[in-house]
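Before any comments, here is the structure.
Basis for what follows: all heavy atoms, side chains included, without hydrogens, waters or symmetry-related copies. Quick note on labels: first sequence line is chain A, next is B, and so on, each numbered from 1.
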Amino acid sequence: MQKFTVHSGIVATLDRANVDTDQIIPKQFLKRIERTGFGQFLFYDWRFQDDGTTPNPDFELNHPQVEGASILVARQNFGSGSSREHAVWALDDYGFRAVIAPSFADIFFNNCFKNGLLPIVLPEAQVEQIFQRAAEHAPYTLTVDLENHLVRDEDGLKLSFEVDASRRHNLLHGLDDIAQTLQHEEKISQYEAARSW
Amino acid sequence: MLEKIWDEHVVQAPADGPTILYIDLHLVHEVTSPQAFEGLRLAGRSVRRTERTIATPDHNVPTTDRSLPIADPISRKQIETLRANCSEFGVTLFDIGDVRQGIVHVIGPENGYTQPGMTIVCGDSHTATHGAFGSLAFGIGTSEVEHVLATQTLRQFKPKTFELNVDGELPRGVTAKDMILYLIGSLGTAGGTGYVLEYTGECVRAMTMEERMTVCNMSIEAGARAGMIAPDQTTFDYLRGLPQVPTAFDEAVERWKQLPSDPGAVYDRSNSYQGKDIAPQVTWGTNPGQVRSIDDQIPSPGDFSDATEQKSTSNALEYMDLKAGTPIHDIPIQRVFIGSCTNARIEDLRAAASVVRGHRVNSDVNAMVVPGSGKVKRQAEEEGLDRIFKESGFDWREAGCSMCLAMNPDKLAPGERCASTSNRNFEGRQGKGGRTHLVSPAMAAAAAVAGHFVDIRGWNFSE
């Protein structure tokens, strides 16, 4: 898994709540059997016009000021609905390294950590502050510092966020969950031997 | 109850970080598993417990003639990949053509794989369905699918508990689907985030197992990864005699009787509702929390105080092409879908058939029934339900997820409006530009006949 330590990048804002994983990556693209190549289909129905290829100029990610954005900021309950990890793969493949929102859906939140994409929960008022600054200063850049639990900009904004210590450790070092669990293989075998099914 | 199941499955609980939790049953389908099997292959790992792993293709499968090859080459490849992976890793597969094939959340329970007290996972958010048996069941991503295949465990943080108590009785015509839509409407789509929902109260106790599955199935639509209902005599009666239940069944029942929460158990949160307050429900927006009673009207953004909610409402009304103030029963529909892991079991089909018996599907409506599994289809045909549907103008299909998520050829055309018994009314879920209204099977069947929503409580049932 790719590591996450400190990342600076352009912010794209998505002023919507309850962005579900069906919107992040529509189902017709779930038929691929690889983990890669999903970025071209990210937010497909919003990003493109009905012909499926012409960019929709009204959609936030198509604004020229956010070209190359790597930090996505959205409203509450981001990533709701389907468990499809393809949503995280699509965000990652498109170039996003972090998503900031007041709240996330559980499965999506979990899936992010398995892929080196950092989901950051900030209070609504602080998310609103980022929305406003991004609107005023496009292109707007943020730095996400996982080592120090900080989101900051070049104009003195400094917001601290919380992240579970074990998840943080895994992201900082790019550790693979399965390899870690298999270090406890003996415990699993003992558990299986002791259980009476 | 969560506590008891959790403690029973702890392999290791480090002081800092997630618990390593043992998984009793892992259900696998074609969409969220190929990358997981590929991960195993690349790392030279095997499936740790093949006997605890069951696979079936459901999301992509066509619901038309099964003797023909799958027309979409990418869908075909995904299903062939599942077949090859199951054969390579030694996983049991209920393939197309096997009567046991079907929606993964239908076949687990109907074959007795799903049992009280188990931990059950699947790379699918509707895994909560299995919680109806008093198991801890939740959806996972593909990385976690790979983790379970390799280790038969998951790293999990213990969720909090949220009791939803529904006392009294549901009025006649009001179903489990209406109850869960009503609860989601009350909680909102994120109200259950971080919790396991436990449904309690007289209304829940009075439900059949299939009704309980409908309720637990949609827990994720309130943001909860899992929903559960304590096992009782209804649960044990349902399970007795199913193919995969323990041979020492009575002993198992004695064990399962210990699972329900002890009297006076404390939940992190509790809400109470009265069954009599619930009417047949119809969603009007683009998430399942945007729901109202059949005798209600489409809301306006001004009905909400929160700015985000107002914006969501106006976005939803625009996408759904609805005007605030329109009575819900005046909304015309063009399509009806009876199916999905929420409502494609035999009782759902019986309920819908009893509504359409003696009636014709409206000439402006295209309606289909997709049974949840090969077994449900066979049972329905033995009872003659297929004839009732076909005579009234419904399409009668083969088992699968079908137009719940429209990965196969069953989908809405842009602008088409559908009364659907499925679980998600997200934008484009049933086809780009399609407009979904979630309802119970009886309400969907009545809408098929009338061509618009009608209150099932006043329906003219013919004998």
Side-chain angles (χ1 to χ4, degrees), chain A residues 1 15-18 20-23 26-28 30-35 44-46 50 52 75-77 80-89 103-111 113-115 124 164-167 169 176-182 184-185 187-188 190-192 195 197, chain B residues 11-12 14 16-18 20 22 24 31-32 34-35 38-39 43 45 48 59-60 72 74-75 77-78 81 123-125 138-144 146-147 150-153 155 157 189-190 193-194 220-221 223-225 246 287 308-309 311-312 315 405-407 414 424 426-429 432:
Chain A
M1 188 181 73
D15 189 8
R16 303 175 197 230
N18 300 311
D20 58 72
T21 54
D22 272 82
Q23 302 316 320
K27 69 273 179 163
Q28 63 267 37
L30 306 185
K31 297 176 184 178
R32 300 165 63 90
I33 56 173
E34 303 86 19
R35 272 177 189 258
Y44 187 79
D45 287 351
W46 288 342
D50 286 345
R75 301 295 184 182
Q76 72 219 27
N77 198 28
S80 61
S82 161
S83 63
R84 56 187 73 164
E85 197 161 317
H86 312 66
V88 175
W89 300 336
S103 61
F104 291 88
D106 278 340
I107 304 177
F108 175 84
F109 190 72
N110 226 14
N111 287 341
F113 286 101
K114 314 288 181 195
N115 293 278
E124 263 187 71
D164 166 72
S166 59
R167 283 172 164 158
H169 179 82
D176 165 19
D177 267 3
I178 298 178
Q180 288 188 77
T181 300
L182 285 174
H184 304 283
E185 209 275 325
K187 285 265 183 194
I188 301 172
Q190 283 168 9
Y191 175 90
E192 287 175 330
R195 262 292 283 282
W197 276 294
Chain B
V11 172
Q12 190 169 38
D16 56 337
I20 300 181
Y22 198 78
D24 293 325
V31 177
T32 56
Q35 296 86 353
E38 181 64 13
R45 291 168 178 147
R48 183 177 177 91
H59 282 60
N60 261 308
D72 177 349
I74 321 176
S75 285
K77 184 169 182 202
Q78 203 167 48
T81 302
D124 188 282
S125 61
F138 52 91
I140 57 178
T142 298
S143 295
E144 291 183 311
E146 185 181 341
H147 193 284
T151 70
Q152 203 58 37
T153 68
R155 294 170 160 258
F157 293 95
T189 50
T193 304
I220 184 71
E221 312 314 334
R225 280 180 87 175
N287 71 56
T308 307
E309 193 86 7
K311 184 156 191 275
S312 295
N315 285 348
L405 84 166
M407 272 189 83
R424 286 189 178 135
F426 296 155
E427 285 183 28
R429 170 85 177 178
K432 187 177 159 104

Legend entry - Salt-bridge criterion met for Asp20(A) and Arg429(B) (N-O under 4.0 Å):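 Between Arg429(B) and Asp20(A) there is no salt bridge, as every charged N stays at least 4.0 Å from the carboxylate O atoms.
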Inset, instruction - Output yes when Glu146(B) and Lys114(A) qualify as a salt bridge under the 4.0 Å nitrogen-oxygen rule, no when they do not. - result: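 No, this pair does not count.
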Identify which part of [X] has an atom lying under 4.5 Å from any heavy atom of chain A, answering side chain, backbone, both or neither.
X	result
Ala406(B)	both
Thr153(B)	side chain
Ile74(B)	both
Pro246(B)	neither
Thr308(B)	side chain

Can you give me the closest heavy-atom contact between [X] and [Y], atom names plus distance?
X	Y	result
Met407(B)	Lys31(A)	O-NZ, 2.9 Å
Asp22(A)	Phe426(B)	OD1-CD1, 3.5 Å
Asn111(A)	Gly141(B)	OD1-CA, 3.2 Å
Arg32(A)	Gln78(B)	O-NE2, 3.6 Å

Distance in Å, [X] [atom1] paired with [Y] [atom2], rounded so as to fall on 0.5 Å steps:
X	Y	atom1	atom2	value
Thr193(B)	Asp106(A)	OG1	CG	5.5 Å
Ser166(A)	Phe157(B)	OG	CZ	4.0 Å
Asn60(B)	Leu30(A)	CG	CG	8.5 Å
Gln28(A)	Asp72(B)	CD	CG	11.0 Å
Arg225(B)	Ser83(A)	CZ	OG	9.0 Å

Check whether the side chains of [X] and [Y] place a donor and an acceptor atom closer than 3.5 Å, and report yes or no.
X	Y	value
Thr181(A)	Arg155(B)	yes
Asn18(A)	Thr189(B)	yes
Ser143(B)	Glu85(A)	yes
Tyr22(B)	Glu192(A)	yes
Glu427(B)	Trp46(A)	yes

Inset, instruction - Pick one of side chain, backbone, both or neither for Phe108(A), based on which atoms fall under 4.5 Å of a heavy atom in chain B. - result: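 Contact with chain B: none, neither part.
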Largest heavy-atom contact set with chain A, pairs under 4.5 Å, which of [options]:
options	answer
Glu221(B), Glu38(B), Gln152(B), Glu144(B)	Glu144(B)
Ser312(B), Gly223(B), Ala150(B), Ser75(B)	Ser75(B)
Leu405(B), Ile220(B), Asn287(B)	Leu405(B)
Pro14(B), Gly39(B), Pro414(B), Ala190(B)	Ala190(B)

Inset, instruction - Verify the neighbour count for atom NZ of Lys432(B): are there more than 12 heavy atoms of other residues, nucleotides or ligands below 6.0 Å? - result: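 Counting neighbours around NZ of Lys432(B), more than 12 heavy atoms of other residues, nucleotides or ligands fall under 6.0 Å, so yes.
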Inset, instruction - Answer yes or no: is there a side-chain heavy-atom contact under 4.5 Å between Thr142(B) and Trp89(A)? - result: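 Yes, side chains in contact.
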Inset, instruction - Show the numbers, then the answer: is there a side-chain contact (heavy atoms from CB on, under 4.5 Å) between Ile20(B) and Lys187(A)? - result: CA-CA 10 Å; Ile20(B) 300 181; Lys187(A) 285 265 183 194; over 6 Å; no
